[in-house]
Amino acid sequence: MAAPPTIELEGLTRRYGDREALSDVTLTLEPGATLVVFGPNGAGKTTLLRVLATLLRPHGGTARVLGHALPAEAWRVRGKVGFLGHAPLLYRDLSARENLAYYARLHDVPAARVEELLERVGLADRASDPVHTYSRGMVQRAAVARAVLHDPPVLLLDEPTANLDPAATHLVDELVGKGSGRTRVVTSHDPVGGLAEADVVLGLRGGRAEIVGPPSREVGRDAIGALYR
Amino acid sequence: MYGSRLQTLAIASVVTLAGGFALAAFYAPMDADQGFMQKIFYLHVPLAIVALGGFVFGAYQAVQHLRTGDPSRDLKSYVAIHMSLILGIGALVTGSIWARASWGKWWVWDEPTLVAFLIIFLLYCTYQPLRFSIEDRDRQARYASVFAVTAGVFTPLNFLAVRLADPLIHPRTLDSQDNLPGEMRLAFLVCLLGMALLYVTLWKFELTHKHARAQLRSLKRKLGAADAARGRSAAPEATVS
Amino acid sequence: MSDNLPDNGGYVAAAYLVFPALVLIYVAIMAIRLSRLERDLAQLNEAADRPAPDEVAEPREEVRAT
Amino acid sequence: MGRAVSALLRKELRLELRTPQVIPAMALFGVTTLVIFHFSLQRDTVEGDLAAGVLVVTLLFAAMLGINRLFVADHEEGGFDGFLLAPVDRTAMLVAKALALTGFLVVVELLLVPAFGFLLLGPAMTFELLWKVAAILLLADAGVAIVGTLVGALAIQTRARDLIVPLIGLPLLVPVVIGAAKALAPALDAAGAGALPGRWLAILGLYDLVFGLVAYAVFDFLLED
C-alpha cells in the first residue's frame, strides 16, 4: 500500500476572533512533493504554516499531517516537521552553537549533528558568537540549521531565502531545497522561482484558496499575479 | 434558552429572602452579647457565603470550559464571577458597618473572615482587567478560565491561612454557627437560601440578557443591517444556539 | 421590639439599606442595557420592513450618482 | 520529561550567566528596599515579627521583578514556538521555569539575608538562626516560584504584563506571606530564638502542594493556541 499523503486538508478554517484567517482550504500533498503558497500579506500563508506546525489549532474542517489528525494527534506530528518562520526562534544572547545544542537536547538529537550542521550552513567559525552579533543572512542560516536539526520529513518554510545572498542560498538549498528529498510547504512572492519548484500551487487571498493545483497554463504567472491585485 | 424558569426563580428568591429577613427581625431572639446589632448577621453572612460560593461555582464552570472548550461555559463562569463581585461589595460594606457598630472602627484586622474575604475580593477584582488586556477572544477565554480555576482553589486555602493567623478571635456569633440557638439558626438558613436563590436568579438574568443580545446581533447580520463595530471587550460573547 | 431598640440601631438600618441599594444600582444598569436592546430591535424591525436592503439600496445610489 | 527539563534549565542558566539581568536587578532592588525600610520605619534595628515582615516583603517585591522577566526572552525571541515544536511534555516548561525561579530566589536570598542581618536585624546572625531561616525561606520560595511561573505565563501574553503580574501575584501570595512571616517571627526574636513553628511550615507546605497540582493541571492551557 502506498504511503498516505503527507498533508491532507479538507475545509480547513482558522479564525482570529471574528475574522477568518483561513477559510475552507482543501488540498492534498504527496510525500516528497513541494507545495508553494502564494498570496499577498495577510492572505493566511503564515497561519497555514502555523496550523500545519501544530502551533495553531484548526477551528473547522480537518487537517492531517503524515496521516495524523490535528489537533488530536498533534503530539505525533511534533518533532517530524521542521518549521522556519519569520522569527528565527533563536535566543539572541546565546551563540548559534548553544542555541542548536539546546534544541538538540529538546529533540533528543546527538551533539555531533550540531557541529555537522554548523559546518554545512557555513557558520562554523562564528558559531560561538552570540546571535545578536550576526547579520540577517547569518541569522537565517542558523535558523535553517535549527529547522532541519532533527532531520524532519516535512518542512514548513516561510520565505526561506528572503535575506540570503546567492552563495548562502546555495548552502541553504542543499538542506531545505527541492533536492533535500523532503516534503515541503514553501511560501513565496516570486512567481518565477516559485513555479519552477512547485509540484502543487496554492494561491491564497483573504484566507480563501483561489488557486489549487499543479502548475499549468491556468495555474501560471497570470493567475498568481491576479492574487496581488 | 436561559430565560426559562426565570420567573419562578425570581418569585421564589423574593419570597424566601423576605421571609428570612422577617424571621430574623421578629422570630429570632436578641443576641445576648450584641443585642440588636447582631441582626446584621442575617444579611452580611449570607452575602459573603453566597459570593464565595459563586467564585467556586465560577471555577467549576471554568474547569468545564477548559475540559470541553465550550464557549458557553466561559460565559457562565464570567457571569458567575461578575455577580459574586457585586455581592462581595455588599458583604464588605455590611461587614464594615458591623465592625463599626461592634468595635467603633470601620475596619478591624483581627477579624480573619473579613480580612480573608478582602484578599479574595482584591484578587477577583483583577479578573476583568486580565480579560481586557488580552485581545484574541479564544485566548482571553482560556486565560480567564485558568485564572478562575486558580483563584477558585485559592479561596478556601486563603481562608485557612488567614484564620489560623489569628487564633484569638473575638467570641462572636459568626464563629459559632454550630451553637446558634435553634430560632437563630432557622432564620439564618432561610436568609442564606434566599440569598442563594437571588444569586441564581441574577446569574440567569444576566445570561439571558447576554444571550438575547447575541441573538439580536446575529439577526442583524442576517438582515444586512449595519452592525456597530465591536471594540475590545472583557465580556465573552454569547453563542447563538 | 421597639422598646429595646438600642442606640446603634442606625447601623443595622444602614446595613439593610446597602442591600436594596446594590440591587437598585443593578436594576438601573440593566435598564440602560434594556433600552439599548429595544433600540436595536426597533432598527431591526425597520430593516425587516424594507425587503433585502443590500440589493435594493446600493444600485439606486449608483443610478443617482451617474 | 527529565531531558527536556534539563535542556530548558541549562538554557535558562546560560542566558542568565551570559547577560546577567534578573538576579542583579532582584538583589539590588532588595538591598534598596532594606535601606528604604530603615528610613521609613525610622529604626536602626528590627526584631521579632517586624523583622520577619521586613524580610518577607523585601523578598516578595524582589521576586516580583524576577517573575516579570521570567518569560520575556521566550516570548520575544520565539522560544515558546521553538519549545512547542519539540516532541516533549509541556509540563517540562512549568517544572524548568519554577526550578529556575527557585534558583534565582535562592541566590538572591544568599545575598539579601546576610545584608539584612548586617543592615537591620537586631539579634546576631547565628548558624542556628540561619538554618531556621533557610528552611522557612525554601518552603516559601517553592510557593513563590510555582505561583510566579503560573502568573508570569498568564501575564506574558497580555498587553499589560507588568501590571498583571503584581495585581494577580500579590493577592495569590498572601498565604505565603502570612506563613513565612509567622514562621520567621519567633526565629528572629531578640529575646532568644523560639522553636520552628511546625504549623506554619505545614501551611507553607500545603500551599506549595496545592498550587503545584493546580499549576500542573492548568499550565498547558497557557501554552497552546
Side-chain angles (χ1 to χ4, degrees), chain B residues 55 59 62-69 73-74 88 109 112 115-167 232 234, chain D residues 49 94 143 146-151 153-183 185 197-225:
Chain B
F55 287 139
V63 169
Q64 295 299 324
H65 172 240
L66 290 178
R67 233 168 45 85
T68 62
R73 295 287 191 167
D74 175 47
W109 285 106
V115 174
F117 194 86
L118 176 70
I119 296 163
I120 290 164
F121 184 78
L122 286 176
L123 176 63
Y124 273 99
C125 280
T126 59
Y127 179 72
Q128 299 251 5
L130 173 70
R131 289 197 80 113
F132 194 70
S133 66
I134 304 172
E135 277 156 69
D136 183 73
R137 283 192 169 276
D138 293 322
R139 175 175 282 162
Q140 184 191 78
R142 214 168 52 239
Y143 277 38
S145 287
V146 166
F147 173 89
V149 173
T150 312
V153 173
F154 172 79
T155 300
L157 205 64
N158 177 59
F159 259 88
L160 180 72
V162 176
R163 242 166 201 280
L164 284 173
D166 226 317
R232 200 146 54 96
Chain D
D49 46 6
L94 169 71
I146 290 165
V147 171
T149 306
L150 197 58
V151 174
L154 194 72
I156 194 74
Q157 306 278 12
T158 66
R159 283 157 50 110
R161 181 177 76 221
D162 28 5
L163 294 179
I164 295 288
V165 164
L167 276 181
I168 297 180
L170 288 177
L172 274 179
L173 288 170
V174 166
V176 175
V177 172
I178 296 173
K182 288 274 174 186
R199 185 170 62 157
W200 293 109
L201 294 184
I203 292 274
L204 284 174
L206 180 70
Y207 183 93
D208 297 352
L209 179 72
V210 169
F211 275 96
L213 290 174
V214 169
Y216 172 72
V218 299
F219 191 75
D220 283 11
F221 295 105
L222 298 179
L223 291 181
E224 71 183 50
D225 226 332

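Order of the sequence lines fixes the chain letters, A, B, ..., with proteins taken first and strands second; residue numbering starts at 1 for each chain. Atom set for the values below is all heavy atoms of this structure, side chains included, hydrogens, waters and symmetry mates excluded. Only a predicted model underlies this, so the values are computations on that prediction, with no experimental measurement involved.
A 4.5 Å side-chain heavy-atom check between Phe211(D) and Thr150(B) finds at least one atom pair inside the cut-off.
Contact annotation for residues 119-127 of chain B against chain D (heavy-atom separation below 4.5 Å, listed by residue number): Ile119(B), Leu123(B), Thr126(B). By a heavy-atom distance cut of under 4.5 Å, Ile164(D), Leu167(D), Ile168(D) are the residues of residues 162-170 of chain D near chain B, going up by number.
In this structure, the portion of Ala153(D) lying under 4.5 Å from any heavy atom of chain B is its backbone and not its side chain. At a 4.5 Å heavy-atom cutoff, Asp138(B) makes no contact with chain D through either its backbone or its side chain.
Counting heavy-atom pairs closer than 4.5 Å to chain D, the top residue among Asn158(B), Asp136(B), Leu160(B), Leu66(B) is Leu66(B). Comparing Gly179(D), Ala160(D), Pro171(D) by heavy-atom pairs within less than 4.5 Å of chain B, the highest count is held by Pro171(D).
Under a 3.5 Å cut-off, the side chain of Arg142(B) and the backbone N or O of Glu224(D) do form a donor-acceptor pair.
Annotation for Ala161(B) and Pro175(D): closest pair CB-CB, 3.9 Å, computed over non-hydrogen atoms. Nearest heavy atom pair, residue Leu172(D) against residue Phe154(B), reads O-CE1, 3.3 Å.
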